[in-house]
Structure formats: structure tokens, C-alpha cells
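We count ligands from 1, going down the list as the structure has it; atoms in each ligand are counted the same way.
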Amino acid sequence: MKRVSVLGATGSVGCSTLDLVGRDPDAYRVVALTGGANVALLAEQARRHRAEIAVTAHEAALPELRDRLAGTGIATAAGAEALCDAARRPADWIMSAIVGAAGLPPGLAALEQGTTLALANKESLVAAGPLLMDTARRHGATILPVDSEHSAIFQALVGEDLGAVERIVITASGGAFRDWPLDRLAAATPQEAANHPNWDMGQRITIDSASLFNKALELIETKEFFGVAPRQVEALVHPESLVHALVGFRDGALMAHVGPHDMRHAIGYALNWPERRALPVERLDLAAIGQLTFRTPDEDRYPALRLARRVMEQGGLSGAVFNAAKEAALDAFIAGRIGFLDMARVVETVLDAMARDIDAHRPEKAVIALDTVRQADHLARERAGAAMAALP
Ligand code: NAD
Ligand code: MG
């Protein structure tokens with residue numbers, strides 16, 4: 001029996017993970033499930049999968065979680081430290097599917113037990129890639145990518161020599177606004193941005209898909225996870241979202257990963273790795289699909305991509321600053337306090353304002369301690385607040 005824990009169980013990736021686990025109850029034992037404010041769902045999941053413990057990030061929600069699980073023998077806990085404790089519970093496979101930089105400390109705690117971490121939480125690689133990879137190495141842990149593009153790259157590299165890779169191309173659907181004229185974007189609302197043409201995902205990543213901040217995070221994620229140079233990583237707009245990534249080798253071959261837009265493929269690949277088992281995803285009928293199209297992303301339309309290049313070149317703390325400023329700007333956009341195009345402006349202003357802090361932590365490959373990453377994250381959110389207050 002494989003012991004599994006799911007951090008961020010109540011989210012889109014978490015629910016898809018439990019869907020797969022629940023299809024084969026004899027193969028898995030569920031250890032810890034964590035969630036946020038939605039304790040009704042968390043308690044229901046914990047009962048259904050007979051988890052050892054259910055943990056909510058919100059201390060105020062603990063009494064309700066306790067009530068809902070009374071008499072079940074399922075332990076309950078709350079708060080940031082309890083999330084890390086949950087990640088420390090012995091498990092063979094842990095899904096990291098919390099959204100945002102909040103996923104970093106539990107992800108590190110999981111790696112410290114030398115287990116397999118299925119990583120959907122791309123923000124932790126962006127904010128602290130070298131720290132995460134180094135923690136895995138030191139503790140003999142394995143990180144498996146779950147982001148669909150990175151799972152695709154990982155699969156295209158099976159049996160290949162990383163030294164023979166010339167370039168890695170990740171695709172982008174273009175998000176909700178891909179066909180909007182540029183002059184309409186300034187007035188785009190959160191509701192409009194949260195409407196993805198192809199994928200069904202959490203609200204935050206869906207809005208990040210419309211601004212291409214999600215693709216920006218993924219470019220950085222590619223560099224950090226696969227250890228390639230910034231110039232070897234590129235994004236390509238592919239409205240059908242069926243080719244997830246391509247790996248180009250030095251002999252000119254391009255290995256593409258093609259599959260339906262269903263996260264259960266990438267999650268299931270990581271769950272079954274190194275085996276391939278049957279998964280309940282659609283089988284593509286390419287003749288019916290007919291054609292796949294690609295185009296170069298327009299950096300005037302998507303400044304997030306330009307900022308990602310800057311972060312990949314700078315390394316060090318720039319990823320933590322970039323991610324935190326983006327999270328703060330996204331919060332403000334969702335709350336209706338700033339416009340859609342202001343998000344990239346705010347992130348750029350914060351990267352400029354913190355250039356000295358970032359520079360102090362070069363060279364880029366150095367492992368930066370969690371406390372330093374957290375301080376940079378905190379400062380970047382403060383600076384983002386100031387930048388937003390100064391917007392016209
Ligand atoms: P979601 O918003 O649907 O769910 C997020 C989960 O994290 C929930 O369980 C929520 O309760 C929990 N959470 C939120 N804030 C928290 C905090 N401060 N502390 C602890 N827990 C908190 O998000 P999602 O779409 O499932 O995405 C999860 C992660 O996976 C993100 O990093 C995202 O970028 C990545 N990802 C998602 C998809 C997708 O299809 N949804 C695809 C690729 C990568
Ligand atoms: Mg992705």
C-alpha cells in the first residue's frame with residue numbers, strides 16, 4: 001500500500017489527485033489532507049478517504065473541522081506550522097498542491113523526510129528553486145513535476161541525456177484574452193480573466209493564464225527544475241493546448257508530448273511513476289481535431305514573459321520577489337483595486353525597487369535559506385503595496 005498525503009487537497013489539483021486515489025482504494029492509504037477555509041469539503045474528503053489527519057490553514061476554522069470529524073477518529077489541526085507537521089508525517093508520496101508561496105515550507109518539510117514529492121506548486125520552485133532542489137538532493141528525496149508542461153518535458157526526457165538537449169519549448173493557450181484587441185485589456189475584469197478557454201483550474205492560475213504570468217512562472221520553473229540555461233527555454237502560443245511541451249535535441253529532433261487537457265494525466269503519471277498505468281483520461285482523436293496551430297507570443301501584449309527572462313537571467317532572490325509581487329498584484333486585481341495591465345507594471349516596479357536586495361544574493365546558483373526567501377517575499381509584498389498606491 002502506498003501511503004499518500006495531499007497538501008492543498010480541496011483545490012482543483014487536490015481534488016483530481018483524490019479522484020485518482022479513490023479509484024483504487026486498495027492501493028493507497030491516505031495519511032494527511034490539508035485545505036484552507038473550505039472545511040466542509042476537507043472533512044468530507046477526510047471521511048471518504050479515511051485520512052489519518054485533516055489540517056486547515058485557518059486557525060479560526062479548526063472548531064468547525066473538529067465538529068465535522070467528531071467521532072471518526074480522524075485527527076485535526078490548524079495553522080501554518082500544522083501544515084508542515086502534516087507534511088512530515090511518514091508517507092511514500094506527497095502531492096504539493098497548495099497555491100502560492102504558502103506551499104514552500106510544507107514542500108520543504110515533505111522533502112526532508114526523503115520521500116517523493118509530486119510538485120504542482122510551481123511558486124515554490126520560482127521562489128526558491130535551488131533551495132528546493134538542494135533539499136531533495138540532501139535528503140535523497142525525489143521531486144516529480146506535475147505542471148502539465150513540466151510533466152511533458154520530464155516524459156520526453158526519459159532515457160535521454162540532458163546534455164543533448166538544445167531547447168525546451170512550453171506551450172501557452174493564450175488564456176481568456178488571447179483574441180481580445182490590446183486596447184480592451186486595460187478594462188478586463190477578474191470575472192472575464194477567470195474564464196479559461198481550455199482548462200478547468202483554480203481561480204488564481206486561471207487569471208495568471210490570461211496575463212501569461214502563469215507561463216512566466218513556468219519558464220522559470222523549467223529553468224530551475226531541469227537546470228537548463230535561460231536561452232534554452234521558450235514559450236509558444238498554442239490555442240488548442242494539446243501539445244504541452246517540446247524538447248529539442250542537438251540532432252534537430254523535437255519530441256512533443258500530446259494529450260488531452262486533463263490534469264489527471266500529469267498527476268497520474270507522477271502517482272504511478274516510474275510505471276505507466278491506465279488513466280481515466282480522454283483518448284485524442286487527432287483526425288477529428290484536424291489541425292494544431294502555433295504562434296510566437298507577443299511580448300507587448302504579455303510583459304510577464306519579458307519579466308520572466310529578466311528573473312531567469314538574474315537568479316538569486318529575483319524569483320521570490322517576482323512571485324510575491326505577482327501574488328500581491330493578483331490579490332489587488334481580484335479585489336478590483338487595480339487593472340489587468342497594472343499587474344505587470346507593479347511587478348516590474350518591485351523588481352526595479354529591489355534590484356539591490358536581489359544583487360546582494362548573487363551568484364544565481366547559490367542556495368538561499370528559507371528565512372531570507374521569506375524576508376524577500378515579505379518586502380516584495382510591501383513594495384507592491386506602495387507601487388499600487390502610487391498608480392495613476
Ligand atoms: P486551488 O486554488 O484550486 O487550490 C489551492 C489549494 O491550496 C486549496 O486546497 C486551498 O485551500 C489551499 N490553500 C490556499 N491558500 C493556502 C494557504 N495560504 N495555506 C495553505 N493552503 C492554502 O489551486 P489549484 O488550481 O489546484 O493549484 C494548486 C497549485 O497547482 C498551484 O501552485 C498551481 O499553480 C498549480 N497548478 C495547477 C493546475 C490546475 O490545473 N489547477 C495546473 C498546473 C499547476
Ligand atoms: Mg502548466
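Salt bridge annotation for K215-E218: present, with a cationic side-chain nitrogen under 4.0 angstrom from a carboxylate oxygen. Of the charged side-chain nitrogens involved, none lies within less than 4.0 Å of a carboxylate oxygen, so that D359 and R356 do not count as a salt-bridged pair. The residues D342 and R345 are annotated as salt-bridged, a charged nitrogen and a carboxylate oxygen being separated by less than 4.0 angstrom. Salt-bridge annotation for R264 and E282: absent, with no side-chain N of the basic residue lying under 4.0 Å from a carboxylate O of the acidic one.
When each of E313, E299, E348 is checked for a salt bridge (Lys or Arg N to Asp or Glu O under 4.0 Å) with R306, only E348 meets the rule. Just one residue in the list L351, V350, D352 forms a side chain to side chain contact (heavy atoms under 4.5 Å, CB included) with M354, and that residue is V350.
Membership of the apolar cluster around L242 extends to V169, L236, V243, L246, L254, V258, L284, L286, I289, L292, F294, as traced through chained side-chain contacts below 4.5 Å between ILVMFWY residues.
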Could you list, one pair per line, each nitrogen or oxygen of ligand 1 together with any protein nitrogen or oxygen closer than 3.5 Å, giving atom names and the distance rounded to 0.1 Å?
from	atom 1	to	atom 2	distance (Å)
ligand 1	3 (O)	S12	N	2.9
ligand 1	7 (O)	V99	N	3.4
ligand 1	9 (O)	G8	O	3.4
ligand 1	9 (O)	T10	N	3.4
ligand 1	9 (O)	T10	OG1	2.7
ligand 1	9 (O)	G11	N	3.2
ligand 1	11 (O)	T10	OG1	3.3
ligand 1	11 (O)	G36	N	2.7
ligand 1	25 (O)	G202	N	3.0
ligand 1	26 (O)	S12	N	3.1
ligand 1	26 (O)	V13	N	2.9
ligand 1	30 (O)	A120	O	3.4
ligand 1	32 (O)	E123	OE1	2.6
ligand 1	32 (O)	E123	OE2	3.4
ligand 1	41 (N)	S12	OG	3.3

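Evaluation of the ring-ring contact (aromatic ring centres under 6.0 Å, His included) rule for F225 yields no partner, not counting sequence neighbours.
For H265 and W199, the ring centers are positioned 6.0 Å apart or more.
Around the Mg ion (ligand 2), the protein contributes the following N, O or S atoms under 2.8 Å, ordered by chain and number: D147 OD1, E149 OE1, E218 OE2.
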